[in-house]
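Encoded as structure tokens, the structure appears first; notes follow it.
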Amino acid sequence: AIWTANGAEYKVEFWYMDLDGVNYTKADTDVTLSGVVDKEVSYAPSAKEGVALNNEKSLLTGTVPATGELVLKVYFDRNSYTLTYEGAESISVKFGTPADKMPTTAKIPTKEGHVFASWQALPATMPATEYNVAANWTAETYKVIFADTNDAGDSIEETVTFGGKLTIPTGLTKTGHVFDGWNPVPSANVGDLGENNATVTYTAQWKAETYTLTFTNLFGNVVADMP
């Protein structure tokens, strides 16, 4: 006699961890497979993006019953990945977390010569990788005053931004004096001049001119020099 083993179907369900990290939701991706009655079957799930198999919770092996139904269950836990706010802090976020549920940071980053403006957009959902959120910056602006530039003591004002160029006045004149530089000494390349909207003053330095008086006699001979 030839005997044929009785076959029967069994089902595999897939459960994914919710964002709360506690509960699980069943996916609509059940798989129906065939086995032999009273024989043990096993299911080896394939790797999936952003999740890890929970072996302890999963039921991956069972015996196909003659009556009733065998249901194997595969549980996946969400992996967490690092969300980094540039210059502020790094936060662990579960895969698939939507942008409006992602944690924000109260820390304000700093950058030389700049004012923090805002954060760039978050991803629609947390990807299965680390994600860096860049900061948007605005260059600081400064008011520069060049003081005491002529006989009247007039000033020349200029508004500049960090990383820009400063136009340093030249050709200054003042009666009876020689221009002798600025205090402090300015740089044509604008660096960090202080807080945003700060006022920086450079004062012209003047050196009094000197003269030599020469006295001669009636014969044109030098009698004396007097500085």
Side-chain angles (χ1 to χ4, degrees), residues 7-65 67-141 161-163 192 195-196:
E9 293 182 341
Y10 64 97
K11 185 169 65 174
V12 181
E13 295 178 348
F14 300 89
W15 294 75
Y16 291 85
M17 177 183 281
D18 295 338
L19 291 174
D20 62 10
V22 177
N23 298 303
Y24 293 78
T25 297
K26 188 173 81 68
D28 296 327
T29 55
D30 293 355
V31 174
T32 300
L33 301 173
S34 296
V36 177
V37 172
D38 293 332
K39 295 292 185 181
E40 186 177 82
V41 292
S42 296
Y43 183 80
S46 58
K48 296 184 181 295
E49 181 182 57
V51 295
L53 177 66
N54 185 327
N55 281 292
E56 183 176 346
K57 195 172 184 67
S58 296
L59 176 63
L60 302 178
T61 301
T63 300
V64 178
T67 59
E69 183 182 37
L70 171 65
V71 179
L72 300 182
K73 296 186 178 184
V74 182
Y75 283 85
F76 289 107
D77 292 343
R78 289 177 186 263
N79 293 331
S80 292
Y81 300 92
T82 301
L83 180 70
T84 298
Y85 288 90
E86 176 190 7
E89 64 179 318
S90 296
I91 306 171
S92 181
V93 181
K94 289 188 180 301
F95 168 74
T97 301
D100 62 350
K101 300 294 184 181
M102 290 185 192
T104 58
T105 178
K107 296 182 179 180
I108 303 300
T110 58
K111 183 179 180 180
E112 182 185 18
H114 291 78
V115 176
F116 172 73
S118 62
W119 294 110
Q120 293 186 9
L122 293 168
T125 59
M126 188 64 192
T129 184
E130 294 183 354
Y131 192 91
N132 294 319
V133 184
N136 293 315
W137 302 96
T138 300
E140 290 181 340
T141 299
T161 57
F162 177 85
D192 190 343
E195 297 294 329
N196 188 38

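Heavy atoms only: backbone and side chains are in, while hydrogens, waters and symmetry mates are out.
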Next on the checklist: For Glu195, I'd like to know if atom CD has over 12 heavy atoms of other residues, nucleotides or ligands within 6.0 Å.
Outcome noted: no

Item to check | Asp77 side, atom CG; Asn55 side, atom CG - distance, nearest 0.5 Å | outcome: 10.0 Å

Checklist entry - What are the two closest heavy atoms between Ala135 and Phe116, and how far apart are they? => result CB-CE1, 3.8 Å

Item to check | Inter-residue atom distance Lys73.NZ - Lys11.NZ, 0.5 Å rounding | outcome: 9.0 Å

Checklist entry - Do Lys26 and Trp15 come close enough that some side-chain heavy atom pair is under 4.5 Å? => result yes

Item to check | Residue of the set Tyr75, Tyr16, Phe76 for which ring pair (Phe, Tyr, Trp, His ring centres under 6.0 Å) holds with Tyr24 | outcome: Tyr75

Next on the checklist: I want to check something: taking the side chain as every heavy atom from C-beta on, are Tyr43 and Ser58 in contact at a cut-off of under 4.5 Å?
Outcome noted: no

Next on the checklist: Working to the nearest 0.5 angstrom, can you tell me the gap between Leu83 CG and Glu89 CD?
Outcome noted: 9.5 Å

Checklist entry - Any side-chain heavy-atom pair from Thr63 and Leu70 closer than 4.5 angstrom? => result no

Checklist entry - Nearest 0.5 Å, what's the CG-CD distance between Asp192 and Glu112? => result 5.0 Å

Checklist entry - Going from OG1 on Thr110 to CH2 on Trp137, what distance comes out if it is rounded to the nearest 0.5 angstrom? => result 6.0 Å

Checklist entry - So do Tyr131 and Tyr81 actually touch side chain to side chain, heavy atoms under 4.5 Å? => result no

Item to check | Test side chain to side chain contact (heavy atoms under 4.5 Å, CB included) applied to Leu72 and Thr61, Leu33, Leu59, Val31, the passing residue | outcome: Leu59

Checklist entry - Are Glu130 and Ser90 side-chain neighbours, meaning at least one heavy-atom pair lies under 4.5 Å? => result no

Item to check | Gln120 to Val133 - nearest heavy-atom pair and separation | outcome: O-CG1, 3.4 Å

Checklist outcome for this item: Note: Ala99 and Pro123 closest approach over all heavy atoms is CB-O, 3.2 Å

Checklist entry - Are any of the side-chain heavy atoms of Asn132 and Glu86 separated by less than 4.5 Å? => result no

Checklist outcome for this item: In short, Val37 meets Ala8 closest at the heavy-atom pair CG2-CB, 3.9 Å

Item to check | Met102 to Thr97 - nearest heavy-atom pair and separation | outcome: CE-O, 3.1 Å

Item to check | Minimum side-chain heavy-atom gap Thr141-Asn196 below 4.5 Å | outcome: yes

Checklist outcome for this item: Taken to the nearest 0.5 Å, the spacing of His114 NE2 from Asn136 CG works out to 11.5 Å

Next on the checklist: If you apply the rule side chain to side chain contact (heavy atoms under 4.5 Å, CB included), what do you find for Asp100 with Leu122, and how did you get there?
Outcome noted: CA-CA 9 Å; Asp100 62 350; Leu122 293 168; over 6 Å; no

Next on the checklist: Can you see whether Asp18 engages Asn23 through a side-chain donor-acceptor pair at a distance of less than 3.5 angstrom?
Outcome noted: no

Next on the checklist: Within the structure provided, determine whether Val64 and Lys39 are in side-chain contact (heavy-atom separation under 4.5 Å).
Outcome noted: no

Item to check | Thr105 to Lys107 - nearest heavy-atom pair and separation | outcome: OG1-N, 3.1 Å

